[in-house]
Amino acid sequence: MIKDRYEQLNQEIGSQATMIAVSKYHSVEETLEAYDAGVRHFGENRIEGFLEKREVLPEDAEVHFIGTLQSRKVKDVIDHLNYVHSLDRVSVAKKIEQYSSHTVKCFIQVNISGESSKHGLAPEMVPEFLEDIRNYSKVQIIGLMTMAPHTEDETAVSQVFEKLKALRDALKQKNSGNIQIEELSMGMSNDYHIALRYGATYVRIGSKLMGSR
Ligand SMILES: *Cc1c(COP(=O)(O)O)cnc(C)c1O
């Protein structure tokens, strides 16, 4: 039952982090079941999937876009999104500025591990990116997001989370206006317990909460 798993996870995570239920592989019915269990934050990575769910979810459900957002799709979806976790291109920020009727809370996705399969900016590119989007007032930067490598090697995973936290701490001095880097979106079903040790404030939990697909 989603409800039992949600309560179990809630106890583990406590008040340190907001749990995002990654409902991307799950049906509208299962997503509503999670809402009824108390979930208010939902993570989606496909535009078709999430628009269908947004229609049936009550107003107080918040939707986090955790996949790659193509700039030409921004205008169709942005008013239905509360958070974007994958911002790594100025073109997307520009479209948000142009088409959104509200400010959108955004995380900059950072590719800490350096794996070529992963999206996100290299850490050293983030300062310049911040300058490029500083005047886009609808893009409210609230923090950084990363994905750890898929490995059993806890040390390698820990290092990625530790580096994101250090980058967040270093970038805080640049906070002003629409740039307020405070939050850390890191940790998924198999590594959220490690991410919490390094200060995660948003964890994105799919299979461990919603069930495997
Ligand atoms: C799918 C996905 C998750 C959740 O993955 P699980 O391993 O099922 O918890 C978290 N973050 C992102 C960016 C994802 O694409």
Side-chain angles (χ1 to χ4, degrees), residues 1-13 16-28 30-31 33-35 37 39-53 61-70 73 77 81-89 92 104-121 142-154 156-158 160-161 163-165 168 183-213:
M1 290 283 289
I2 292 176
K3 192 173 175 54
D4 300 327
R5 294 192 292 263
Y6 180 61
E7 279 163 12
Q8 176 71 40
L9 282 160
N10 243 341
Q11 273 187 6
E12 272 180 71
I13 294 166
Q16 175 184 333
T18 299
M19 191 194 325
I20 299 167
V22 177
S23 45
K24 64 186 184 194
Y25 296 134
H26 292 82
S27 65
V28 171
E30 289 163 308
T31 305
E33 184 185 335
Y35 180 88
V39 172
R40 290 296 177 270
H41 293 266
F42 296 86
E44 288 285 332
N45 68 349
R46 281 180 45 253
I47 285 169
E48 299 74 24
F50 105 76
L51 286 175
E52 183 190 11
K53 289 169 190 159
E62 304 213 55
V63 179
H64 297 249
F65 200 79
I66 60 171
T68 304
L69 190 53
Q70 291 169 303
K73 295 281 176 70
V77 297
L81 288 176
N82 303 96
Y83 296 79
V84 172
H85 286 243
S86 53
L87 191 67
D88 63 1
R89 274 171 300 147
V92 170
V104 183
K105 297 181 205 112
C106 297
F107 292 83
I108 297 171
Q109 185 168 354
V110 187
N111 185 355
I112 298 281
S113 67
E115 292 165 278
S116 58
S117 60
K118 290 214 179 349
H119 290 275
L121 291 170
I142 64 166
L144 305 177
M145 178 273 217
T146 202
M147 290 175 81
H150 195 78
T151 166
E152 299 287 300
D153 179 358
E154 275 214 14
V157 172
S158 299
V160 166
F161 295 148
K163 283 184 185 161
L164 193 73
K165 180 181 179 9
R168 188 272 316 266
E183 311 294 343
L184 293 173
S185 168
M186 56 189 199
M188 321 197 327
S189 292
N190 56 6
D191 57 15
Y192 71 92
H193 56 287
I194 306 173
L196 287 170
R197 271 186 244 143
Y198 291 93
T201 61
Y202 286 82
V203 290
R204 310 177 307 267
I205 314 280
S207 50
K208 190 155 182 175
L209 171 62
M210 301 298 293
S212 49
R213 58 169 159 156

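In listed order, ligands and their atoms are each counted from 1.
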| request: Compute the shortest N/O to N/O distance between Ser189 and ligand 1 and return yes if it is under 3.5 Å, no if not. | output: yes

Is atom NZ of Lys163 surrounded by more than 12 heavy atoms (other residues, nucleotides or ligands) closer than 6.0 Å? no

Do you see a donor-acceptor pair shorter than 3.5 Å between the side chains of Arg197 and Ser158? no

query: Quick one: does Ile66 get a heavy atom under 4.0 Å from ligand 1?
result: yes

Taking every heavy atom of Thr68 against every heavy atom of Phe65, the minimum-distance pair comes out as O-CE2, 3.6 Å

So CG of Asn111 and CG of Leu164: to nearest 0.5 Å the spacing works out to 11.0 Å

In this structure, atom 10 (C) of ligand 1 is nearest to the protein heavy atom Met188 SD, 3.3 Å

Closest to atom 2 (C) of ligand 1 among protein heavy atoms sits Lys24 NZ, 2.5 Å

Atoms of ligand 1 under 4.0 Å from any heavy atom of Met147, numbered from 1 in the order shown, are 13 (C)

Polar proximity ligand 1 side, Tyr25 side, N/O cut 3.5 Å exclusive
no

Atom 8 (O) of ligand 1 has as its nearest protein heavy atom Ser207 N, 2.8 Å

So is Lys208 close enough to ligand 1, meaning a heavy atom under 4.0 angstrom away?
no

For this session: Could you tell me whether the side chains of His85 and Ser185 share a donor-acceptor contact shorter than 3.5 Å?
Result: yes

among protein heavy atoms, the one nearest atom 11 (N) of ligand 1 is Arg204 NE, 2.8 Å

Value for OH (Tyr202) from OH (Tyr83), rounded to nearest 0.5 Å, stands at 3.5 Å

d(Leu196 CG, Gln16 CD) to nearest 0.5 Å is 5.0 Å

